[in-house]
Amino acid sequence: MVAELERRFPPAWAEEWDRVGLVLGEPSAPVRRVLCVVDVVPETVAEALAADVDMIVSHHPLLLRGVSSVAPTTFKGRIIHDLIRAGVALYAAHTNADVAAPGVSDALAARFGLTGLRPLARPAPGSPAHGDDRGFGRIGELPQPMTLAELTRHAAAVLPVTSWGVRAAGDPRRMVRTLAVSGGSGDGFLGAATAAGVDAFLTADLRHHPAGEHLAADGPALLDAAHWATERPWLDDLAALLRAAPGVETLVSDLDTDPWTVHAAAPVVDDKEPRP
């Protein structure tokens, strides 16, 4: 299983700061059942143990940053102890899956029916990931033009449901024909979206000042969705890939691991009534 994952998502394609690959488990151990998750958290670990899986394949690394202890009294230590005790392996495919073609953003683009896909940001020449159609994010054409307001409602309907939902920045009446998407945190690609000349860019974790400066410079309209919701679509593709191995059953976690759990829209102000 590890060999197949690394053939499809070579660890060398990951960003230098990333931590991908086998986190725990015996590489030679047989794998009969796999759970695909975005986040390795106590809830998805409990789901894996209840389903009696042999392996979890996650998008986000559990040990992205160094730790000084994996004692069971710590958050990550408790997860590691539970997995080892149950004999469940853990593997992470993160930015190496983002840059792959097809990869995380291809699955996101498919939710919108985008055609004519091309990378939003290609790896630098000479990097291990450079070549073919690989790159971060995707740009494509919508099946039919929509206003930004319509596209925002459409995004909320086609993406996995979260309390966060989808918010947009820009003129609600702006027509959108070309859309750039990037699964996960994407405000580092605001400049690439502007340079590509797209009408709108959908990603997650957009920040106040970069978004405001981007719009002030006449950049594309922005759609900001929940981080988990932009990466959950890829799990279906990942599960299909792993299912191709003889005797392997794959499960996909639909547990919403987005940390934001409550959303309250501001009350609509009737312009005919005096404002306080």
Side-chain angles (χ1 to χ4, degrees), residues 1-11 13-15 18 20-22 31-40 44 47-48 51 53-61 89-121 123 129 131-140 142-143 155 157-162 179-186 202-204 225-258:
M1 185 59 65
V2 170
E4 177 59 23
L5 283 163
E6 296 193 345
R7 182 191 69 80
R8 184 65 188 81
F9 310 111
W13 289 359
E15 296 289 279
D18 206 0
V20 301
L22 188 65
V31 176
R32 301 168 292 103
R33 181 176 290 181
V34 179
L35 178 67
C36 302
V37 307
V38 173
D39 295 298
V40 185
T44 52
E47 184 180 19
V53 304
D54 305 298
M55 186 177 198
I56 295 173
V57 179
S58 69
H59 183 48
H60 293 147
L90 173 60
Y91 188 96
H94 192 209
T95 54
N96 50 332
D98 288 331
V99 78
V104 173
S105 290
D106 292 279
L108 179 57
R111 292 290 178 113
F112 294 88
L114 299 185
T115 58
L117 295 183
R118 62 189 189 276
L120 173 61
D132 297 329
D133 293 323
R134 292 190 290 273
F136 292 99
R138 292 294 181 267
I139 297 170
L142 287 166
V158 300
L159 291 177
V161 176
T162 61
L179 176 66
V181 299
S182 181
S185 303
L202 181 144
T203 187
H227 192 122
W228 175 83
T230 64
E231 295 177 330
R232 162 58 185 85
W234 175 68
L235 299 184
D236 295 321
D237 292 354
L238 174 63
L241 170 70
L242 300 180
R243 197 179 301 128
V248 175
E249 179 184 0
T250 57
L251 309 172
V252 172
S253 175
D254 274 316
L255 287 175
D256 176 4
T257 53
D258 190 69

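Quick note: residue numbers are just sequence positions, from 1.
The shortest non-hydrogen separation linking Met55 to Val2 is CE-CG2, 4.2 Å. Nearest heavy-atom pair, Ala204 versus Ala226, reported as atom, atom and distance to 0.1 Å: CB-C, 4.0 Å. Contact detail for Asp256 and Asp258: the closest heavy-atom pair is OD1-N, 2.9 Å. Shortest non-hydrogen contact noted between Leu22 and Leu90 is CD1-O, 3.5 Å. Here the closest heavy-atom approach between residue Ala229 and residue Pro233 is recorded as O-CD, 3.1 Å. Of all heavy-atom pairs between Leu159 and Ala225, the closest is CD1-CB, 3.8 Å.
The closest donor-acceptor contact from the side chain of Thr203 to the backbone of Ser182 lies under 3.5 Å. Checked by atom type and distance alone, the side chain of Ser253 never pairs as donor or acceptor with a backbone atom of Val37 at under 3.5 Å. Between the side chain of Arg33 and the backbone N or O of Ala51 there is at least one donor-acceptor pair closer than 3.5 Å.
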Verdict with supporting geometry, Asp39 and His227, side-chain contact (heavy atoms from CB on, under 4.5 Å): CA-CA 11 Å; Asp39 295 298; His227 192 122; over 6 Å; no
Salt bridge (Lys or Arg N to Asp or Glu O under 4.0 Å) assessment of Arg232 paired with Asp254: CA-CA 8 Å; Arg232 162 58 185 85; Asp254 274 316; 2.7 Å; yes
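How far CG of Asn96 is from CZ of Phe9: 7.5 Å, rounded to the nearest 0.5 Å. Taking SG from Cys36 and NE2 from His59, the interatomic distance works out to 12.5 Å, rounded to the nearest 0.5 Å. Rounding to the nearest 0.5 Å places CG of Leu242 at 12.5 Å from CD of Glu249. Atom CH2 of Trp13 is separated from atom CZ of Arg8 by 6.5 Å, given to the nearest 0.5 angstrom. Here the CD atom belonging to Glu231 is positioned 7.5 Å from the OG atom belonging to Ser185, to the nearest 0.5 angstrom.
Inter-residue side-chain proximity for Leu235 and Val38 is flagged as met; some heavy-atom pair is nearer than 4.5 Å. The shortest side-chain heavy-atom distance between Thr257 and Thr44 falls under the 4.5 Å cut-off. Val53 has its side chain out of reach of Glu47: every pair of non-hydrogen atoms, C-beta onward, lies at least 4.5 Å apart. Within the 4.5 Å cutoff, side-chain heavy atoms of Leu241 are placed close to those of Glu4.
With hydrogens and angles left out, the side-chain atoms of Asp18 and Thr95 include a donor and acceptor closer than 3.5 Å.
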Side-chain donor-acceptor pairs of residues 101-121 under 3.5 Å, sequence neighbours excluded:
unit_1	atom_1	unit_2	atom_2	d
Ser105	OG	Gly183	N	3.2
Asp106	OD1	Arg138	NE	3.0
Asp106	OD2	Gly103	N	2.7
Asp106	OD2	Arg138	NE	3.2
Asp106	OD2	Arg138	NH2	3.0
Arg111	NH1	Val158	O	2.8

